[in-house]
Amino acid sequence: MRIEERLRAAVARAVGAEHRETDPLLRPAAQTSFGDFQANLAMGLAKRVGAKPRDLATRIVAALEPEGLFSKVDVAGPGFINLTVDDRALAEAAARLGSDPRLGVEPVPVPMRVVVDYSAPNVAKEMLVHHLRSTVIGDAIARVLAFIGHEVIRQNHIGDWGTQFGMLLEYLDEHPELRSGGRLEIGDLNAFYQEAKRRFDQDEDFARRSRARVVELQAGEVHSVASWQQLVDASLAHFEAIYARLDVLLEPEDIRAESAYNDSLPQVIDALADVGLLEESEGARVVYPEGFKGKDGEPFPVIVRKSDGGYLYATTDLAAARFRVEKLRADRVIYLSDARQSDHFAMVFQIVRQAGWAPERIRWDHVPFGSVLGPDRRPFKTREGGTVRLAEVLDEAQHRARRVIEEKNPSLPAAEADEVARAVGIGAIKYSDLSSDRVKDYVFDWDRMLSLEGNTAPYLINAYVRVRSIFRKLEREFEAPIDAPIQITDPAERALLLHLVEFSRVVHLVADTLEPHRLCTYLYELAARLHRFYERCPVMRAPEPAVRESRLALSGLVGRTLERGLDLLGIRVVSRM
RNA sequence: GCGCCCGUAGCUCAGCUGGAUAGAGCGCCGGACUUCGAAUCCGUAGGUCGUAGGUUCGAAUCCUACCGGGCGCGCCA
């Protein structure tokens, strides 16, 4: 559908070519009685060109060429332009989508090189349920940006360095029995971290040795580095296993851990000194980013080097920022992390700007998200009050999905049921994380996320399965596009088509806002319209072959859109369930 | 104390960057199956959009102040 182009052309003719780039603010109509779409630009533009909104809307409509696209155009209220699309144009637009592997989603005119920093679990800690958010949301954003043509560079900024390793290495030395054959088991490491932490908190001498140990490690002392490497290796194997289960795109080569920046940390300090930003405070090297105030209204210091000479995560983030600009040649850098780190990233970005380390055109985005809460609206914990292991959550998701599937379709062979349980269970977890506004805390609820009703992965996958089922019954190839003209015989078909042609706009909207839940809402509405369509428009029992082919083509298009949409969210489909 | 985020139906959430009469799902109540998978659909009821001002043709959306909740504030990450 070239509706926007028509509107822009009309605006240019009505008020001058310089307004061609004005966003027509084209949206689906607020009510079906108004038409199919509405353009809301006249009210805003009127002010800028000194016209009355309704007059301007009328002029734009007069300049609009409706041929072959609109069956009805009118002005309503203060200056809404209501558009009704011609049935034939709509059908032809859908047919074009059907033969387009990109489903109408056009690549961006100017591709950018975008670094997406996400997941970032910590070495020597098992992945926990809250790591899910960064991983799942980041992966979806990376997929969407890549799909619309950007060059995406994924970066997994794993926490493999820092003060806590002194304590871990000390504890490891105290307990050589934790190593079997020179290897460590990650299952042990979870408790191992807790124990080490307890020692550190309770034993001052242990704490002192731990701090000294960090310095040793950072100085490259051989024994410490070897122990550290064991911790890292054991952890990486665990992360890889989780990523594989989650169908996350992250690969080992996307890992650029904190330690990768070790050698450049002194350069960060030097570079800060070079631009005159480095200052001293109580023995530490600090930077005072503009616009940040501390408790007494004083400038707020970001410590980049401790009084003992050690570096902190702000230093590492600054080094990573420089690396992404200089070596990765990023046009845009996106950080997926907890909303609680908003201040930290705001300060890091500000320092990068003040230091002049990045051209102004580079965009820096912190994409924050809220916490995972239990049903009691408190941070999600086990019944015993402990942290929730991600691996256990995934196990339970699959078990629960398996039970639902067995109940609904006992005839499914066991092996296939397992595969379906995996797709549905993992999909449900990911979808529940993606489907609401990411900045809000979200309530983790098994029954809701695995429900076959409502805005859930099972509901969407089921809609897809229904499409596949019809293709199977008719012994038609789902992958091969049905090359039949689309006929509109019912309002439900029309409603479905109008939604299908919106796919491209929604995908781009997600890329602009970095809010995957908008795609979820779209897909949910698509599935709902599909079900309404099936209710009223039988495919196999269609009145005549041409109508049947039309409906089959439409079904296939919806199926492919669901599949693609879910893929952009990192969620698998199955053909039967 | 300062700063950031969030308050929308009983519950869980949308509301497309300021548009028309605020929408879903669950739950409640009532309908539709010799099914293309009812794993679905249709309908009823349910709202001072936290409160009060302001901005304007128009505010759930922007601004200000308050109220509630969450989080963050110098050598952890």
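Just so it is clear: chains get the letters A, B, ... in the order the sequence lines come, proteins before strands, and each one is counted from 1.
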Looking at A20(B) and F34(A): do their rings stack (centroid distance under 5.5 Å, interplanar angle under 30°)? yes
Would you say a side-chain N or O of S307(A) is under 4.0 Å from OP1 or OP2 of C75(B)? no
Once you apply a heavy-atom cut-off of 4.0 Å, does K293(A) come out as touching a base, just sugar-phosphate, or nothing? nothing
Ranking G7(B), U56(B), C4(B) by distance to the side chain of K47(A), first place goes to U56(B)
By the 4.0 Å heavy-atom rule, please label A284(A) as base, sugar-phosphate, or nothing. base
Going by the angle between their ring planes, with limits at 30° and 60°, are F444(A) and W446(A) parallel, tilted or perpendicular? perpendicular
Sequence neighbours excluded, which residues qualify as side-chain hydrogen bond (donor to acceptor under 3.5 Å, both in side chains) partners of R548(A)? none
C5(B) base to R340(A) side chain: any donor-acceptor pair below 3.5 Å? no
Side-chain donor or acceptor of R529(A) paired with backbone N/O of A492(A) under 3.5 Å: no
Which dot-bracket string fits RNA chain B when only Watson-Crick or G-U wobble pairs with both atom distances under 3.5 Å count, crossing pairs get [ ], and | stands for a partner on a different strand? (((((((..((((.....[...))))..((((.......))))......(((((..]....))))))))))))....
Side-chain H-bond candidate by donor/acceptor type, R518(A) with Y522(A), under 3.5 Å: no
When every nucleotide of nucleotides 24-32 of chain B is labelled 5' to 3' by its protein contacts under 4.0 Å (heavy atoms), B for base, S for sugar-phosphate only, - for none, what sequence of letters results? SSS------
Under 4.0 Å, counting only non-hydrogen atoms across every strand here, what does V465(A) touch: a base, just sugar-phosphate, or nothing? base
Give one of base, sugar-phosphate or nothing for A463(A), where a contact means two heavy atoms less than 4.0 Å apart. nothing
